[in-house]
Amino acid sequence: MRRIGGNSQSAKGNERTNERLDEVCGGRWWRDFFADGYTRDADDKVAAEYSRLLGDRTGMSTVSVPVTKAPGQKAVYNLVFGTRSNHGLWAFGDAHARARDTWWEGLELTEEAEDNALFAMATRQRPDPDHVRARAVPAMAATLAELLRSGRPFKLVDCTLQVFGEHYGQVPETVARQAVKHLHGAAGTPSEGKGSPVHKLEAPAGQTVTGKGIWYQVRPAAARRPWECDLPTA
């Protein structure tokens with residue numbers, strides 16, 4: 001994409017190649033991102049728009065994940081996952097979080113073996129997993145509290161993207177269980193977060209928990225897609 005996009009407005013550009021990419025992308029829209037030549041984030045924007053269009057045209061929820069060779073580098077490619085099920089979203093987010101940790105660990109071992117360094121670059125750049133999870137638990141518990149303001153119990157998997165929020169794909173599913181326990185400790189739900197596979201945990205409504213009190217419009221059932229949570233969130 002970088003090479004083709006960068007040459008798309010050039011006299012040296014290959015129009016046949018551009019037309020082939022038109023077919024792959026379902027239109028000429030990608031060319032607009034390279035109207036002024038190549039910029040550092042142009043290909044990222046194309047990947048994001050492609051993922052969005054793929055979801056719209058197939059009726060799926062899509063997630064685009066950049067795959068890089070090392071921290072801070074441009075993505076070699078973007079892995080786009082599509083599903084019509086909340087179970088698919090849950091499984092992908094958990095798998096991505098675990099694979100991300102494994103990738104970091106492998107990178108650290110490789111750098112240490114090659115450089116014999118006391119502190120590998122990957123170690124210095126990697127976000128501390130414990131800190132990431134420590135931030136995620138109360139944030140996810142607060143989201144659960146908002147979802148429970150409807151007074152209706154729900155299974156965590158039924159509101160996957162809402163439950164994980166910005167931490168989707170960054171923390172494994174075990175953190176969701178910790179969030180339920182955290183909320184239970186604040187008397188926000190009778191559930192103690194025990195038993196059942198994590199994604200099947202049901203969060204019953206408990207006492208009123210202080211929150212922002214800002215609600216989104218809930219779509220009519222006929223307008224919602226299978227993976228969309230029908231509970232309001234702040």
Q: If you define the side chain from C-beta out and look only at heavy atoms, does anything of Val24 sit under 4.5 Å from Arg20?
A: yes
Q: How far does CE of Met60 sit from CZ of Phe81, to the nearest 0.5 angstrom?
A: 9.0 Å
Q: Over all heavy atoms of both residues, which pair between Gln170 and Val132 is shortest? Give the atoms and the distance, please.
A: O-CG1, 4.5 Å
Q: Just wondering, do Pro138 and His182 contact through their side chains at under 4.5 Å, heavy atoms?
A: yes
Q: Return the minimal non-hydrogen interatomic distance between Leu147 and Cys159, and the atom names on each side.
A: CD1-CB, 4.2 Å
Q: What are the two closest heavy atoms between Asp43 and Phe34, and how far apart are they?
A: N-CZ, 4.2 Å
Q: So which heavy atom on Gly193 is nearest to which on Lys181, and how close?
A: O-CE, 3.8 Å
Q: Hey, does His167 have a side-chain heavy atom less than 4.5 Å from the side chain of Val175?
A: no
Q: Could you tell me whether Arg152 and Asp158 have a side-chain N and a carboxylate O separated by less than 4.0 Å?
A: no
Q: How about Glu173 and Arg98: do any of their side-chain heavy atoms sit closer than 4.5 Å?
A: yes
Q: So do Thr143 and Val163 actually touch side chain to side chain, heavy atoms under 4.5 Å?
A: no
Q: Does a donor on one side chain and an acceptor on the other come within less than 3.5 Å for Ser51 and Thr62?
A: yes
Q: So, for Leu183 and Ala141, which heavy atoms are closest and what is the spacing to 0.1 Å?
A: CD1-O, 3.9 Å
Q: Which heavy atom of Leu148 sits nearest to which heavy atom of Gly188, and what is that distance?
A: CD1-O, 3.8 Å
Q: Parallel, tilted or perpendicular for Phe92 and His96, by the 30°/60° rule?
A: parallel
Q: Which distance, rounded to the nearest 0.5 Å, do you find between the CD of Glu49 and the OG of Ser64?
A: 11.5 Å
Q: What's the verdict on side-chain hydrogen bond (donor to acceptor under 3.5 Å, both in side chains) for Asp22 and Trp29, showing C-alpha distance, side-chain angles and the deciding distance?
A: CA-CA 8 Å; Asp22 291 344; Trp29 57 266; over 6 Å; no
Q: Rounded to the nearest 0.5 Å, what's the gap from CZ on Arg57 to CZ on Arg52? Could you check?
A: 8.5 Å
Q: Would the distance check show the side chain of His199 and the main-chain N or O of Val157 forming a donor-acceptor pair, the cut-off being under 3.5 Å?
A: no
Q: Rounded at 0.5 Å granularity, tell me how far CG in Leu156 sits from CE in Met140.
A: 8.0 Å
Q: Show your working on side-chain contact (heavy atoms from CB on, under 4.5 Å) between Val80 and Val65 and close with a plain yes or no.
A: CA-CA 6 Å; Val80 178; Val65 179; over 6 Å; no
Q: Which value, rounded to the nearest 0.5 Å, describes the distance between Thr189 atom OG1 and His184 atom NE2?
A: 8.0 Å
Q: Can you check whether Asp94 reaches Val171 side chain to side chain, under 4.5 Å on heavy atoms?
A: no
Q: Counting C-beta onward and ignoring hydrogens, is there a side-chain heavy-atom pair between Leu161 and Asn86 closer than 4.5 Å?
A: no
Q: Looking at CZ of Phe154 and CD of Gln162, how far apart are the two atoms once the value is rounded to the nearest 0.5 Å?
A: 9.0 Å
Q: Taking the six-membered ring for Trp, are Trp90 and Phe164 ring centroids under 6.0 Å apart?
A: yes
Q: Compare all side-chain heavy atoms of Pro172 with those of Arg133 and state whether any distance is below 4.5 angstrom.
A: yes
Q: Go through Asp41 and Phe33 one step at a time and tell me if the side-chain contact (heavy atoms from CB on, under 4.5 Å) criterion holds.
A: CA-CA 9 Å; Asp41 62 347; Phe33 292 97; over 6 Å; no
